[in-house]
Structures are given as C-alpha cells and as structure tokens.
K.L.:
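Just passing along the structure, written as structure tokens.
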Amino acid sequence: MNAMPFVLGAFAFFALAYRFYYSFITAKVLTLNDNEVAPSIRLFDKNNYYPMPKWIVFGHHFAAIAGAGPLVGPVLAAQFGFMPGFIWMLVGAVMAGGVHDMVILTASVRYDGKSLAEIAKAEISSFSGTITSVAVLIILIIALAGLGVVVINALAESSWGTFTIAATIPIAIFMGLWMFKFRKGRTVEGTVIGVILLSLAVIYGKYIPGSPFESWFTFDRKTLTILLAGYGFFASVLPVWLLLSPRDYLSSIMKLTVILMLAVGIIIVSPQIHMPSFTPFIHGGGPIIPGTLFPYLFITIACGAISGFHALVSSGTTPKMIMKETHIKQIAVGSMLAEGMVSILALIAATSLFPLDYFQINVSPEKFAHILPQLKALGFTQTNLIELSSQVGEVIAGRPGGAVSLAVGMAQVFSSIPGLSGLMSYWYHFAIMFEALFILTTIDAGTRIARFILQEALGKIYAPFGKTNWLFGNLVTSLLVVFAWGYFIYTGTVATIWPMFGVANQLLATLALAIGTSFLINHGKRKYIWVTLIPMTFVGVTTVAGGVMNMVNIYIPQISVPLTQVQGTINTLLTTIILICVFLIISEAAKQWFKGDKKLKRLYQK
C-alpha cells in the first residue's frame, strides 16, 4: 500500500470535521461566546492566571497534551496491522478526543479555571468531587511516570539530545522575559528569536558527542530522573509566563514543523506500507502486546484518539490563560486533531519498515529468536536491519518501547527525500531528540496541574493551601508531586509503568466524559448529550475490560512470584481503586441524569 493517500485522506477528514462538526458543537452544544470576562483577565495574578494570545495558548496546550501517546502508542499497536490503528485514530480523534477536550475546557473556563474535581463537585455532587480528586491524583502521578520514563530512556547516555533539550530552558526564559516584560506583546519578535536559538541548539548539538563538553551532557538513567524531577519542580512553581508557557510554545513550533516535514516527506517519497492491513495477532498472542485487538488497541493508542490526560490540561493550565471563550475551538479541537495527525504519521513511519525489522527492533533478541519461525510462516521474510543499523551508526535490534523503531522509520523517510540522502544517522538522532522534546513538555504542565489538584484537596484541610499564589504551598505541593512520579521512574521501567498508564489514562477520559455529560444536562443541552455519551460508553467499556484483563492475566499472577510481588500488588491495588472510583462517579452522575435538569451552578458570583 502507498502511504500518500492515507496522509491526504486523513488531513481532509480532519479539516471537514473541524469546519462542520465542531462548528455545530460550538454553536449549538456549547454556545461559545465572549459575553463574560475570561477568568485569566478577571482573576489575573501574574503567576497562574495570565491572559495570553490565542497562538501562545495553542502552543502551550498542544505541547502539554502531545506526549508519548501519539508517538509510542501507534507504533506498538502496529503489530495488529496498519488499518486498526489508522481507523481508530481517524474516527476517535473526531468523535471522542476533540469532544472530550472541548467540553472540559469550556466547563473549566466557565468555572474560573477550576479543576476536573471541582467541576464534578458542582455538576454532580460533593461526593463525586471528592472521589474525582482521589482518582485524578492517582491517575496523574501514574501518567507522569509513564511519560517520564520514555523521556529518560530516550535521553540516557545521549549528549546530543540532552544538550538540545537543556538548551530550550534558558531560551524559553529569555523568550518569556522578551514577550512579557522587555517587549510586552511582541510575540512575533520573541518567536523569531526563539526559533533561531532553538535551530542553532539542534544543529550544533550534533557536535557535542566527542567534544570536551560531552561529559557535561551525558547522564545515566537514574541521574536523568533526578534532573527531570528538578526541572518539573521549577516549572511548577515559577510564574507560568517565565518558563512553562514560552517553552511549550517554542516546543510546539518545533513539533509542528517536524510533523509538517514528515507529512511532506511522506507525500514526496510515497513510501510503501509494508505491514499488512491486519495481522493474525488481532486474535491475541502478539510478541509486543499479548492481548487481543479488543480491548488492547484502544488502551495502547491513547493520545492519538482520546486521552484522559487532556482533561487535566483542559481544566488545569490552559483555562487560566485563555483570553476569550471563542478561542476554545481553535485551541482544544485544533490541538487534538493535530495530535491525531501526528499519530497517523507515526504509524505510517513505523509500518514503512519491513515487518521482520519492525518486530526485531521492538522485542528482545531472546524473544525474537523464539518467534522468528512464526513470523516467517506469516510471510515476513524481507529484512534490511543490518543496513539500517550501519546507516544510523547504532545497534537497533532489541530496542523495545516503540521510540527506536519510530526514529528509524522517520529517518528512513527524511533520508529518502532528494538531496537528503546520506544523512540517515543525523535524522535518526534528530528523531530521538524530537521524541524526547515532544514528551517532556507534558511533564512540566502535568506537574503544575497535579500541584493545582493537590492544593485544592489540601485547601479543605488548611485553607491557605487552596490559594495558588501562596508560595510556601506551591513549593510543598510541587515537591510532593515530583517526588511521587520521580520515585516510580527511579525504581521502575517501561514494562512496569506503561501497562498501568494505558488503563489509567483511558479511565480518566471516561470519567471526564461523564462529568461533561452532566455539564451539558445542567446547562439545558440534554438533547445533545449523545455527543459525550457515545464516546464515554465506548471508551468506558473497552478500558474497564482492559483493566480487568490486566489484573487477571498480568498483575495477580505477579503477586505469586517473589521478584515481582511488590510490583503486582501495587498495580492490582491502584487499578482496583481507579476502577471503583470511576464506577462510583458514573453511578452518581447517572442518577442525576435521570432526575432532570438541575439549576445552573456557578463557583463564582457575577
């Protein structure tokens, strides 16, 4: 199959959905308008509530939601074949992901930028708000650990990647000072300066390996974990305009530029998709994902179709920066559909490899030797791995996790463009660095959001914690959050963290859609609840099935093995708690749905 028609078809489908379906939701379902002053202006505090131009907010939002999911998930799910992932990302991004993000962002803006838990409290009940706080905090810590471990694995012992990522921090601080202090409002100037400096960091980062500075930027996994936790802490407590927002904006420019380059490259090169449309592994027994297509496809591919983490960004940092309610469609839906496109391009890049090479990269050498006869029996006999390893300058076999196979696929596309051949090694290392940058922006925003949630919870015990401008409270809660996810990364691996992340993330999406349904009913939009109810039902059923199957087939058996007893116990306990929380919240919401419309509630007085 040629990849080009899939790229063009997906772009056209997303464009039509944005123009027509989401215009309908904007006008009829949510009735977005600028009649009321946005909380970023009304509650302006120079730290968390700070009105910003819509493109800056779009950059932050896209950077914050686009983590490991749209890159790693589609690559791992490619073992089922090309078509299952492609169809789910195409339909899911439009019918589920965009709706999820837009509804929650609207609700949070109308509730003064409050968190998902506070929205649940207002729209369903105080009990639901409390349960949501517990569930969200657990899920968020797991999500940050799941995303962080991918960054650590990508940057470990990589001085080029670490240098470039580290350079974005002072560049972002300079941009923040330029756009919001020295030359206030001069966004274009700040953007040009930031892009030039970032480009120089990417280009000259290539010369760090082998230089006297190599040791300055070469760290092992555990040291990188400590450094990442330190960055997350400072990004959480510093004013949002100084580091978080400009860095995410800068990262988004690079992300979108690279993705546009990849899309153009695929159109020019027109690579062949070598992975079959469907493989026998849809029935289970796959070497990467042992489960069946249902429900594991919908858990493995998260952010590219729908992600509960997006609800936290949409009720965390983003609503505190939006200047006008009518910007919501562009920010929420535009970011989600862009992320869906990223996922599709990642799937195409990975499936352009020969299937035998794809599996040899993504499973351990021992496991590959065991499944090789089975793969050859399926007709997977062509291989190009030795040549690919020589071109990138690294051994790429037995590098599971999805990141390496995606980087090889991207490098293969870029180096096939006329005039760019012979640069396979450069493009491979560039892609690895790009993946780390792509994911890291989720860590800083996620840590700040977790701090908001923890402050809201502790504020019920000691009132000053509820004030987001109380410095001591910010420091304490940020420290607790980074210690929690940092501990999981420091002591765990992808194998121990990622399975929990997939289930937790999609259960959070189910919970958010239930809260969104209540929001629509309470605001007189009962006849439109199918918009949220249909994706909630589908995602809920698939994820609950996946969570139960994980416990029965993976976590509970681990408890009986001394080496994995602690890991199995923690995973079983956390999965059980999250499932119970989601069940309680949906049950509480469903009772309210059948009672009729409630009087509209507000958390603030006009």
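Quick note: numbers below take in every heavy atom, side chains included, and nothing from hydrogens, waters or symmetry partners. Keep in mind it's a predicted model, so treat the numbers as computed, not measured.
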K.L.:
Do Thr543 side-chain atoms and Gly540 backbone N/O form a donor-acceptor pair below 3.5 Å?
P.N.:
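No, the answer is negative, given that no donor and acceptor are paired below the 3.5 Å cut-off.
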K.L.:
Rounded to the nearest 0.5 Å, what separates atom OG1 in Thr517 from atom NZ in Lys525?
P.N.:
15.0 Å
K.L.:
Would one find more than 12 heavy atoms of other residues, nucleotides or ligands at under 6.0 Å from atom CZ of Phe11?
P.N.:
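It does not: Phe11 CZ has 12 such atoms or fewer within range.
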K.L.:
Side chains of Thr326 and Asp34: do they bring a donor and an acceptor to under 3.5 Å?
P.N.:
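Short answer, yes.
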K.L.:
Contact between Asp101 and Val333 at the side-chain level, heavy atoms closer than 4.5 Å - yes or no?
P.N.:
no
K.L.:
Any chance the side chains of His61 and Ser335 put a donor and an acceptor closer than 3.5 Å?
P.N.:
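No, no side-chain donor-acceptor pair sits under 3.5 Å.
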K.L.:
Are the side chains of Leu105 and Thr318 in contact, using a 4.5 Å heavy-atom criterion?
P.N.:
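Of all side-chain heavy-atom pairs linking Leu105 with Thr318, at least one is under 4.5 Å.
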K.L.:
Flag this pair as yes if the NZ/CZ of Lys121 is under 6.0 angstrom from the six-membered ring centre of Phe127 and inside a 45 degree cone about the axis; otherwise no.
P.N.:
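No - Lys121 does not lie over the ring of Phe127 by the 6.0 Å and 45° rule.
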K.L.:
State whether the side chain of His100 and the backbone N or O of Ala96 hold a donor-acceptor pair below 3.5 Å, judged by distance alone.
P.N.:
no
K.L.:
For Gly304, is there any backbone N or O sitting under 3.5 Å from a side-chain donor or acceptor partner on Glu339?
P.N.:
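Not at all, since once roles are kept as given, no pair shorter than 3.5 Å links the two residues.
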K.L.:
If we only count heavy atoms from C-beta on, is the Phe24 to Val29 side-chain gap below 4.5 Å?
P.N.:
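SC-SC contact between Phe24 and Val29 confirmed.
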K.L.:
Side chains of Tyr22 and Val99: closer than 4.5 Å at any heavy-atom pair?
P.N.:
yes
K.L.:
Would Val313 and His310 satisfy side chain to side chain contact (heavy atoms under 4.5 Å, CB included), going step by step from the backbone distance to the final call?
P.N.:
CA-CA 5 Å; Val313 180; His310 296 192; 5.7 Å; no
K.L.:
Would you tell me whether Glu325 and Asn35 have side-chain atoms, one donor and one acceptor, within less than 3.5 Å of each other?
P.N.:
no
K.L.:
Tell me the closest heavy-atom pair linking Ile449 and Gly316, and the distance in Å.
P.N.:
CG1-CA, 4.0 Å
K.L.:
What's the shortest heavy-atom distance between Gly547 and Thr575, and which atoms?
P.N.:
O-CG2, 4.1 Å
K.L.:
If only side-chain N and O atoms count, and only distance matters, is there a donor-acceptor pair under 3.5 Å linking Ser125 with Glu588?
P.N.:
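Short answer, yes.
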K.L.:
Heavy-atom distance under 4.5 Å between the side chains of Gln330 and Lys54, does that happen here?
P.N.:
yes
K.L.:
Any non-hydrogen side-chain atom of Gln592 less than 4.5 Å from a side-chain atom of Ser518?
P.N.:
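Yes. Closest side-chain heavy atoms under 4.5 Å.
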K.L.:
Could you measure the distance from the CD1 atom of Ile301 to the OG atom of Ser307? Nearest 0.5 Å is fine.
P.N.:
13.0 Å
K.L.:
Kindly assign one of parallel, tilted or perpendicular to the pair Trp88 and Phe538, based on the angle between their ring planes and the thresholds 30° and 60°.
P.N.:
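Tilted: the ring planes of Trp88 and Phe538 meet at 30° to 60°.
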K.L.:
Could you go step by step and tell me if Ile344 and Phe14 meet the side chain to side chain contact (heavy atoms under 4.5 Å, CB included) rule?
P.N.:
CA-CA 12 Å; Ile344 289 172; Phe14 286 156; 4.1 Å; yes
K.L.:
Verify whether one side chain among Ser315 and Ser108 offers a donor that lies under 3.5 Å from an acceptor in the other.
P.N.:
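Judged by distance alone, the side chains do not pair up.
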K.L.:
Between the side chains of Lys320 and Asp112, is the shortest nitrogen-to-carboxylate-oxygen separation below 4.0 Å, so that they form an ion pair?
P.N.:
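No salt bridge links Asp112 with Lys320.
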K.L.:
Are side-chain N/O atoms of Trp55 and Thr191 paired as donor and acceptor at under 3.5 Å?
P.N.:
no
K.L.:
Just wondering, are more than 12 heavy atoms of other shown residues or ligands nearer than 6.0 Å to CZ in Phe44?
P.N.:
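Yes, because the 6.0 Å sphere around CZ of Phe44 holds more than 12 heavy atoms from other groups.
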K.L.:
I need the minimum non-hydrogen distance between Gly516 and Val103, along with the two atoms involved.
P.N.:
CA-CG1, 3.8 Å
K.L.:
For the atom pair CG (Leu454) and CD1 (Ile141), what is the distance rounded to the nearest 0.5 Å?
P.N.:
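Taking CG in Leu454 and CD1 in Ile141, the distance rounds to 8.0 Å.
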K.L.:
Got a donor-acceptor contact below 3.5 angstrom from the Lys329 side chain to the Tyr18 backbone?
P.N.:
yes
K.L.:
Indicate yes or no for a side-chain donor-acceptor contact from Thr532 to the backbone of Ile529 under 3.5 Å, with no hydrogens or angles considered.
P.N.:
yes
K.L.:
Starting from the C-alpha separation in whole Å, work towards a yes-or-no answer on side chain to side chain contact (heavy atoms under 4.5 Å, CB included) for Phe298 and Gln506.
P.N.:
CA-CA 8 Å; Phe298 309 101; Gln506 300 304 71; 5.7 Å; no
K.L.:
Nearest 0.5 Å please: distance from the CG atom of Leu507 over to the CD1 atom of Ile578.
P.N.:
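These two atoms lie 6.5 Å from each other.
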K.L.:
When you look at Thr477 and Leu458, which way does the side chain to side chain contact (heavy atoms under 4.5 Å, CB included) test go after all the steps?
P.N.:
CA-CA 9 Å; Thr477 50; Leu458 294 178; 3.8 Å; yes
K.L.:
With a 4.5 Å heavy-atom cut-off, do Met321 and Tyr49 have their side chains touching?
P.N.:
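Answer no - side chains too far apart.
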K.L.:
Can you find a heavy atom in the side chain of Leu513 that is under 4.5 Å from one in the side chain of Ile306?
P.N.:
yes
K.L.:
Quick check for you: to the nearest 0.5 Å, what is the distance between Phe309 atom CZ and Leu144 atom CG?
P.N.:
5.5 Å
K.L.:
In terms of relative ring orientation, are Trp530 and Tyr21 parallel, tilted or perpendicular, with 30° and 60° separating the classes?
P.N.:
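The arrangement is tilted - the two ring planes meet at 30° to 60°.
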K.L.:
Assess whether a salt bridge exists between Glu123 and Arg110, defined as any Lys/Arg side-chain N lying under 4.0 Å from an Asp/Glu carboxylate O.
P.N.:
no
K.L.:
Counting N and O atoms only, with roles assigned by atom type, does the side chain of Ser40 sit under 3.5 Å from a partner on the main chain of Ile322, one being a donor and the other an acceptor?
P.N.:
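Between the backbone of Ile322 and the side chain of Ser40 there is a qualifying donor-acceptor contact (under 3.5 Å).
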K.L.:
What is the minimum heavy-atom distance between Leu511 and Ala135, and which atoms define it?
P.N.:
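Taking every non-hydrogen atom into account, CD1-CB, 4.2 Å.
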K.L.:
Can you give me the closest heavy-atom contact between Thr132 and Ser128, atom names plus distance?
P.N.:
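Distance-wise, the nearest heavy atoms are OG1-O, 2.6 Å.
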K.L.:
Could you state the interatomic distance from CG (Leu32) to OG1 (Thr26), rounded to the nearest 0.5 Å?
P.N.:
5.0 Å
K.L.:
Is a side-chain donor or acceptor of Thr31 paired with a backbone partner of Ala27 at a separation under 3.5 angstrom?
P.N.:
no
K.L.:
Spell out, as yes or no, whether a donor-acceptor pair under 3.5 Å connects the side chain of Arg451 to the backbone of Val481.
P.N.:
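No, Arg451 side chain to Val481 backbone: no donor-acceptor pair under 3.5 Å.
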K.L.:
With a cut-off of 6.0 Å (strictly less than), are more than 12 heavy atoms of other residues, nucleotides or ligands near NZ of Lys460?
P.N.:
yes
K.L.:
Between Ala311 and Ile104, what is the shortest heavy-atom contact and its length?
P.N.:
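Distance-wise, the nearest heavy atoms are O-CG2, 3.6 Å.
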